[in-house]
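Right, one structure below, let's go through it.
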Protein chains: 2
Amino acid sequence: MATIHDVAREAGVSIATVSRSLNGAARVNPETRRRVIETAEALNFRPNLAARGLATGKLGNVGVLLPDVSNPFFGPIVAGIAQVAQERRFGMFLADSREDPSVEPELVARLSQQVDGLILIASRLEDDDVRVFAQRRPTVLVNRLVDGVDGVAIDAAQGMDDLLTHLARMGHTSVLYLDGPAASRSGRAKRAGLTAAADRLGVDLRIAGPHAPTFAGGRAAAQKVVDSGRTAVIGFDDLIAWGLLTRVREMGVDVPGRLSIAGFDDSLDEGMVTPGLTTIAARSGSMGTIAAEMLERRLADVTLPPASELLRSTLVVRGSTGPVESTREAARAIG
Amino acid sequence: MATIHDVAREAGVSIATVSRSLNGAARVNPETRRRVIETAEALNFRPNLAARGLATGKLGNVGVLLPDVSNPFFGPIVAGIAQVAQERRFGMFLADSREDPSVEPELVARLSQQVDGLILIASRLEDDDVRVFAQRRPTVLVNRLVDGVDGVAIDAAQGMDDLLTHLARMGHTSVLYLDGPAASRSGRAKRAGLTAAADRLGVDLRIAGPHAPTFAGGRAAAQKVVDSGRTAVIGFDDLIAWGLLTRVREMGVDVPGRLSIAGFDDSLDEGMVTPGLTTIAARSGSMGTIAAEMLERRLADVTLPPASELLRSTLVVRGSTGPVESTREAARAIG
DNA sequence: ATGAAAGCGCTAACAC
DNA sequence: GTGTTAGCGCTTTCAT
């Protein structure tokens with residue numbers, strides 16, 4: 001691999017001039033610069049990033065921490081970050097905590113060393129730890145908000161409120177919520193939104209969990225749901241709701257006739273599940289690009305006031321929810 | 001951030017001794033070592049990886065290139081790599097080509113600078129390019145094999161052979177194959193396996209494509225499939241097959257009565273699709289860990305002969321394939 | 001406009 | 001067993 005010295009020798013200039021020519025900034029004779037760039041290309045010179053990092057303290061990398069790369073909720077977020085990073089010619093480090101909050105501090109610490117900024121996706125760190133890390137390295141939170149730290153999240157409380165309101169309108173007075181991972185922060189927001197809405201609406205809400213935020217997690221909960229006798233269930237995410245939906249139908253339960261089911265995220269494509277899943281749609285995929293751009297801004301100016309964005313979500317009603325049976329019959333009787 | 005100098009000063013030794021104490025290797029007075037380690041911890045010292053990388057040429061990172069992080073086929077592979085990397089205290093760089101082969105060279109070049117080894121997942125680079133890169137940095141290929149380069153792949157040809165054989169036994173004599181991305185190498189192997197099997201079995205095989213390897217890609221192909229009049233379809237992957245299956249059923253086509261559908265990968269969970277998808281199961285998720293371990297071995301000893309592993313796959317017959325209707329009626333008539 | 005030289009934090013001879 | 005020192009490849013004053 002050619003070094004800056006090789007280029008300098010070949011172009012007949014000093015290494016300082018090579019550095020200047022390549023990095024644009026300082027003033028260099030245009031002719032000299034042209035020659036340097038030419039020979040650099042001829043030698044297929046690539047600046048050693050470690051050396052540059054050592055000299056400048058800027059590594060040109062962003063670090064991403066998430067609970068599970070193979071969770072379809074996170075994939076698009078990572079893809080968004082990757083895209084922005086590539087455009088800005090940043091490298092992307094990835095660490096996967098495998099849903100184990102206890103390894104996060106170590107992973108973050110290790111990441112921090114090789115990156116200029118951090119993007120923590122659905123981190124389960126304590127607020128204080130987040131602040132500590134954010135102090136060391138510019139940090140953006142995804143799907144989690146902490147005072148004083150940049151972040152973008154879906155307004156899960158509002159979404160759940162909309163969802164429960166919808167169910168209440170359909171006559172559901174006793175609803176079950178299948179919670180996700182215990183440590184999930186978005187889970188907290190969801191529970192908060194649900195309980196507040198339940199109080200307001202006079203709905204009897206029961207929370208069950210934790211459950212793995214997966215298709216299998218939803219299926220495993222089916223028996224419990226059926227036994228609960230509730231007329232409507234809300235899942236922590238679409239995957240849980242989907243698994244539940246398929247399993248209860250196999251058990252002969254009519255959806256939405258006997259049981260209304262709703263999810264969260266709108267992560268399923270049209271046609272993946274029948275009947276279509278009522279859910280809360282949020283542009284979760286866009287959180288990746290938003291976070292990356294926030295980080296870029298922060299990197300450019302550390303003194304900026306903390307920014308945070310709460311993405312509004314919208315209720316999407318599909319076939320998996322409907323009026324409670326008695327209501328429906330009553331309506332039929334009246335009609 | 002504390003440096004090695006701070007630790008040295010605090011512990012009353014030279015920086016060399018600190019380095020030795022922390023890196024284990026050389027002989028250091030146990031008592032001294034203990035003291036150094038203690039003060040290092042007290043100062044929360046973390047060696048600067050860029051500096052170490054500069055000095056040793058070893059970065060302690062692996063680089064991963066793939067076509068699309070959000071494709072569920074790749075997620076588990078990345079997760080496997082991430083896990084092994086974490087155990088070995090390696091960092092993981094990720095680059096996403098977004099299914100665009102033309103950006104791969106640039107991405108690999110950039111990755112190479114910050115990693116000790118490369119894992120190229122489903123790379124669409126030319127064989128020669130792969131060899132060139134592999135020469136610069138230890139490289140392991142995933143789901144792609146190139147002579148002289150370490151790699152692990154699923155034996156797609158064999159899998160497709162098994163699948164077509166199964167269909168032929170069910171009486172299908174005219175089969176359609178929905179191909180995936182044009183540049184996909186595993187796609188080549190699949191086509192090769194299919195055409196060879198078709199010749200041997202006397203099956204009339206038509207290849208259509210390319211198609212996006214997604215659920216939506218499968219749905220988009222539905223009309224074309226129905227119009228083709230074929231009695232059986234094989235999808236490039238389960239996602240395509242799944243999308244197709246849901247769409248044709250919406251169109252009123254009986255599966256497998258009227259149309260048999262099969263996929264590849266066995267990536268869908270039990271219950272996600274009805275009827276269950278006949279497919280080829282391969283431990284694709286394990287390719288991640290296998291690749292990471294291969295890379296580890298290669299990193300430890302560059303002189304090792306190239307290793308390559310071809311994972312056998314197995315046919316999984318579920319409800320989406322069945323005998324052609326005429327055969328079935330004939331059987332009924334006889335029985 | 002360009003060159004010389006001092007580091008960035010660490011490792012690895014090489015001395016003692 | 002421990003200290004000294006010369007780099008690793010680059011950026012960045014400071015001279016000129």
Side-chain angles (χ1 to χ4, degrees), chain A residues 1-40 43-61 89 91 109-110 112-116 136-137, chain B residues 1-40 43-61 89 91 109-110 112-116 136-137:
Chain A
M1 196 84 277
T3 77
I4 200 174
H5 289 97
D6 301 327
V7 179
R9 186 171 5 87
E10 206 67 20
V13 296
S14 74
I15 61 167
T17 299
V18 174
S19 178
R20 288 189 195 104
S21 304
L22 265 27
N23 296 328
R27 57 242 137 61
V28 181
N29 183 311
E31 165 56 23
T32 310
R33 158 165 295 153
R34 199 193 50 68
R35 202 173 67 242
V36 169
I37 292 181
E38 232 166 47
T39 63
L43 266 45
N44 191 22
F45 167 75
R46 299 240 165 206
N48 179 317
L49 267 8
R52 172 180 291 175
L54 188 52
T56 62
K58 305 261 137 260
L59 288 315
N61 294 139
R89 331 221 86 195
R110 200 182 188 288
S112 299
Q113 303 174 68
Q114 337 208 41
V115 304
D116 298 329
R136 276 213 260 286
R137 287 261 179 269
Chain B
M1 197 82 278
T3 77
I4 202 174
H5 289 98
D6 301 326
V7 179
R9 184 169 9 83
E10 206 67 20
V13 296
S14 75
I15 61 167
T17 299
V18 174
S19 179
R20 288 189 196 105
S21 305
L22 263 28
N23 295 328
R27 57 243 137 65
V28 182
N29 183 312
E31 164 57 22
T32 311
R33 160 165 293 153
R34 200 193 50 68
R35 201 172 67 242
V36 169
I37 292 182
E38 231 165 48
T39 63
L43 266 46
N44 191 23
F45 167 76
R46 299 244 166 202
N48 179 316
L49 266 10
R52 172 180 291 175
L54 230 207
T56 62
K58 305 260 137 259
L59 289 315
N61 294 140
R89 330 221 87 195
R110 203 187 185 283
S112 298
Q113 303 175 69
Q114 335 208 39
V115 304
D116 298 329
R136 275 214 261 286
R137 286 259 179 268

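A note on names: the letters A, B, ... follow the listed sequences, proteins ahead of strands, and every chain is numbered from 1.
Taking OG1 from A:Thr17 and CG from A:Leu22, the interatomic distance works out to 11.0 Å, rounded to the nearest 0.5 Å.
Not a single donor-acceptor pair under 3.5 Å links the side chain of A:Arg33 to the backbone N or O of A:Val28. Checked by atom type and distance alone, the side chain of A:Arg136 never pairs as donor or acceptor with a backbone atom of A:Ala109 at under 3.5 Å. Panel note: side chain A:Arg46, backbone A:Met1; no donor-acceptor pair is recorded below 3.5 Å. Side-chain atoms of A:Ser19 never come within 3.5 Å of backbone atoms of A:Ile15 as a donor-acceptor pair (strictly under, hydrogens ignored).
In this structure, B:Ala55 and B:Gly12 both approach DNA chain D, and ranking their closest nucleotides by distance from the 5' end singles out B:Gly12.
The listed nucleotides are C:dT2, D:dC10, C:dT11; the one nearest the side chain of B:Thr56 is C:dT11. The side chain of B:Ile4 lies closest to C:dT11, out of D:dG3, C:dT11, D:dG9. Side-chain proximity of A:Ala16 to the nucleotides D:dG3, C:dC10, C:dG3 is greatest for C:dG3. Listed nucleotides C:dG9, D:dG3, D:dG9 differ in distance to A:Asn48; the shortest reach to its side chain belongs to D:dG9. Of the candidate nucleotides C:dT2, C:dT11, D:dC8, C:dT2 has the atom nearest to the side chain of A:Asn29. If you check D:dT11, D:dT5, C:dT2 against the side chain of A:Ile15, the one that comes closest is D:dT11.
Computed from coordinates, the B:Leu54 CG to D:dA6 C1' distance equals 14 Å when rounded to whole Å. The interatomic distance linking A:Lys58 (NZ) with D:dT11 (C1') rounds to 13 Å, in whole Å. Rounded to a whole Å, the CD atom of B:Glu31 is 14 Å from the P atom of D:dG1. In this structure, CZ of A:Arg46 is placed 13 Å from P of D:dC10, rounded to the nearest angstrom. Note: NE2 (B:His5) to P (C:dT11) measures 11 Å, nearest angstrom. Regarding B:Gln114, its CD atom lies at a distance of 16 Å from the P atom of D:dG9, rounded to whole Å. For the pair A:Leu59 CG and D:dT11 P, the interatomic distance rounds to 13 Å; values are reported in whole Å. Distance CZ (A:Arg33) to P (C:dG3): 14 Å, rounded to an integer number of Å.
The shortest distance between the side-chain N/O atoms of B:Ser19 and the OP1/OP2 oxygens of C:dT11 is below 4.0 Å. Listed pair A:Ser14 / C:dG3 meets the phosphate criterion, a side-chain N or O lying under 4.0 Å from OP1 or OP2. The shortest distance between the side-chain N/O atoms of A:Thr3 and the OP1/OP2 oxygens of D:dC8 is not below 4.0 Å. Considering only side-chain N and O atoms, A:Thr17 lies under 4.0 angstrom from the phosphate OP1 or OP2 of C:dG3.
In the interface, the side chain of A:Arg20 is paired with the base of C:dG3 through a donor and an acceptor atom under 3.5 Å apart.
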